[in-house]
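Written out below as structure tokens is the structure these notes cover.
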Number of protein chains: 2
Amino acid sequence: MYEPAPASRPMRADAQRNYASLLNTARVAVSERGTDIVLEDIAKSAGVAIGTLYRHFPTRQDLLEAVFLDETNELRARAEALASAPVPFDALMSWLRLQMDFAAFGRSMGAVIMAAKHVPGTRIYEANKAMHEAGAVLLQRAQVAGEIRPDVHMLDVIRLVYGIALVNEHASDPDGANRMLDLVIAGIRTKPSRD
Amino acid sequence: MYEPAPASRPMRADAQRNYASLLNTARVAVSERGTDIVLEDIAKSAGVAIGTLYRHFPTRQDLLEAVFLDETNELRARAEALASAPVPFDALMSWLRLQMDFAAFGRSMGAVIMAAKHVPGTRIYEANKAMHEAGAVLLQRAQVAGEIRPDVHMLDVIRLVYGIALVNEHASDPDGANRMLDLVIAGIRTKPSRD
DNA sequence: ACCTGAACACCGTTCAAGT
DNA sequence: ACCTGAACACCGTTCAAGT
């Protein structure tokens, strides 16, 4: 599934194993306890020294981005799959709810993505761009179908979803996030909800 | 303006001065550099030892809540003032934009408020409750006027505003927050925007 | 080329001793 | 009753020494 950045030269076998071990450990830790992971613990669990973690992931942000890269790709794939769904509006809705689930599952996935350097060529940048483009197709189909206002930007909608995930991270009201998403959806529709 | 919690017995004069100095220092620091303040620095700038800071504010959260308590009260006062404005819808809009400004100015004010313990009797809890109630009046007036959907909760809207402020904290696009707020506003209106 | 882990730095938090 | 600041703890980050 995941392979390290297309380096100039291939990585040594043990380095490759360490990289994968670190990433998998971090992935599990983030999904279980959120982004407040202790790097020393990650290294220990992965069976390597702390220096090795830093060699592969120079900053905490780098590690977190690697963790969420898979999810970003997954979301792109889901968008691509939904692009041929029969009802454009429903496809968009499904995808937005999927975004919410991922953002909530991965804890502050939105925060990490937003903190990512906007540098073309970066893996996270390209993955994100591809995801947005795939999402934009869904949006556009729903716009052509006359269901969504033509002046809406996909990026704004995604960020709103991230925002909803963020403010509901420690929320007591489990239904609040859904109500908030419904408000956003109502905001991007051309006609008021007819159900 | 701000006075410490209504203690069982009044505070000693020097304690009162230290409390005020710490709070003012923190307020300035937060407004300048955000909530990532170094407590040791705050104490030093306030002219007291670190132990004194901890005596008055047992946790970082306590200090931050004290910082944002004033802003919460200010927003309540603004809502109360707007309650007699001629056009209910416009009053609500003004207040929501005010919320955005405050959340942005105070950096992660929303995050701090959301992390606050929901314990009745707490100063921050009561201040927040009062603010929400004052805001709810604005919402209700606009609902009675037929401008806002009757099923909208003020709390959801405020949280959405916090979410917008959060995801735009390090954003490059300075207009994004306004577009996102416009989407939310469109979502709570009964009729599509007529301008 | 990569790994190890001791060493350093930074910052939060406590608490014995002072006034 | 409150203040001081040394002491401890925790965790991030670096880098000389190893393979």
Side-chain angles (χ1 to χ4, degrees), chain A residues 3-26 29-30 32-67 107-108 111-112 115-117, chain B residues 2-26 28-30 32-67 107-108 111-112 115-117:
Chain A
E3 33 172 337
S8 12
R9 291 297 123 204
M11 278 207 293
R12 228 167 59 181
D14 56 343
Q16 219 155 11
R17 249 178 300 129
N18 288 340
Y19 186 99
S21 175
L22 281 165
L23 185 53
N24 283 327
T25 306
V30 167
E32 281 175 353
R33 281 175 295 274
T35 32
D36 281 347
I37 48 175
V38 177
L39 298 187
E40 184 87 43
D41 292 352
I42 300 295
K44 200 160 295 178
S45 295
V48 301
I50 183 65
T52 301
L53 185 150
Y54 275 92
R55 161 163 267 260
H56 289 298
F57 307 99
T59 72
R60 158 184 287 266
Q61 176 73 19
D62 285 324
L63 179 58
L64 292 177
E65 285 179 12
V67 166
R107 293 319 210 292
S108 21
V112 171
K117 295 273 170 294
Chain B
Y2 190 94
E3 32 171 338
S8 13
R9 293 295 123 206
M11 277 208 290
R12 228 166 61 180
D14 57 342
Q16 218 154 12
R17 250 178 300 130
N18 288 341
Y19 186 98
S21 176
L22 281 164
L23 185 54
N24 283 327
T25 305
V28 173
V30 167
E32 282 175 355
R33 282 176 293 274
T35 32
D36 280 347
I37 49 175
V38 178
L39 298 187
E40 183 88 43
D41 292 351
I42 300 295
K44 200 161 295 177
S45 295
V48 302
I50 183 65
T52 302
L53 185 151
Y54 275 92
R55 160 162 269 261
H56 289 297
F57 306 99
T59 72
R60 159 185 288 265
Q61 176 73 20
D62 286 325
L63 179 58
L64 293 177
E65 285 179 10
V67 166
R107 293 318 210 292
S108 21
V112 172
K117 295 270 169 296

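Convention: sequence-line order gives letters A, B, ...; per-chain numbering from 1.
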What's the shortest heavy-atom distance between B/A46 and B/S21, and which atoms? O-OG, 3.0 Å
What's the closest nucleotide to the side chain of [X] if the choices are [options]?
X     : options               : value
A/H56 : D/dT14, C/dC3, C/dT13 : C/dC3
A/R55 : D/dT4, C/dA1, D/dT13  : C/dA1
B/T52 : C/dC3, C/dG5, D/dT4   : D/dT4

Out of curiosity, A/Q16 CD to A/M11 CE, how far, rounded to the nearest 0.5 Å? 5.0 Å
Using whole Å, what does the distance between atom [atom2] of nucleotide [N] and atom [atom1] of [X] come to?
X     : N      : atom1 : atom2 : result
B/F57 : D/dC3  : CZ    : P     : 11 Å
B/D14 : D/dT4  : CG    : C1'   : 13 Å
A/L53 : D/dT14 : CG    : P     : 12 Å
B/Y54 : D/dA7  : OH    : P     : 18 Å
B/I50 : D/dC8  : CD1   : P     : 18 Å
A/L22 : C/dC2  : CG    : C1'   : 13 Å
B/R17 : D/dC2  : CZ    : C1'   : 12 Å
A/K44 : D/dC10 : NZ    : P     : 12 Å

Side-chain N or O of A/R12 less than 4.0 angstrom from OP1 or OP2 on C/dC2? no
OP1, OP2 of C/dC3 versus side-chain N and O of A/N18: anything below 4.0 Å? yes
Applying the Watson-Crick and G-U wobble criteria at under 3.5 Å, what pairs with D/dT4? Answer none if nothing qualifies. C/dA16
Could you check which nucleotide pairs with D/dC11 in any of the strands shown, counting Watson-Crick or G-U wobble with both distances under 3.5 Å? none
Between B/Q61 (side chain) and B/V112 (backbone), is there a donor-acceptor pair under 3.5 Å? yes
Select from A/V38 and B/G47 the residue whose nearest nucleotide in DNA chain D is closer to the 5' end of that strand. B/G47
Base, sugar-phosphate or nothing for B/I42? Non-hydrogen atoms, less than 4.0 Å. nothing
With heavy atoms under 4.0 Å as the rule, sort A/I37 into base, sugar-phosphate or nothing. sugar-phosphate
Within a strict 4.5 Å, meaning less than it, do heavy atoms of the A/I37 and A/L63 side chains meet? yes
Please assess A/D62 against A/T59 for the test side-chain hydrogen bond (donor to acceptor under 3.5 Å, both in side chains), listing each intermediate value before the final yes or no. CA-CA 5 Å; A/D62 285 324; A/T59 72; 3.0 Å; yes
Between B/L39 and A/G51, which has a closest nucleotide on DNA chain C that is more 5'? A/G51
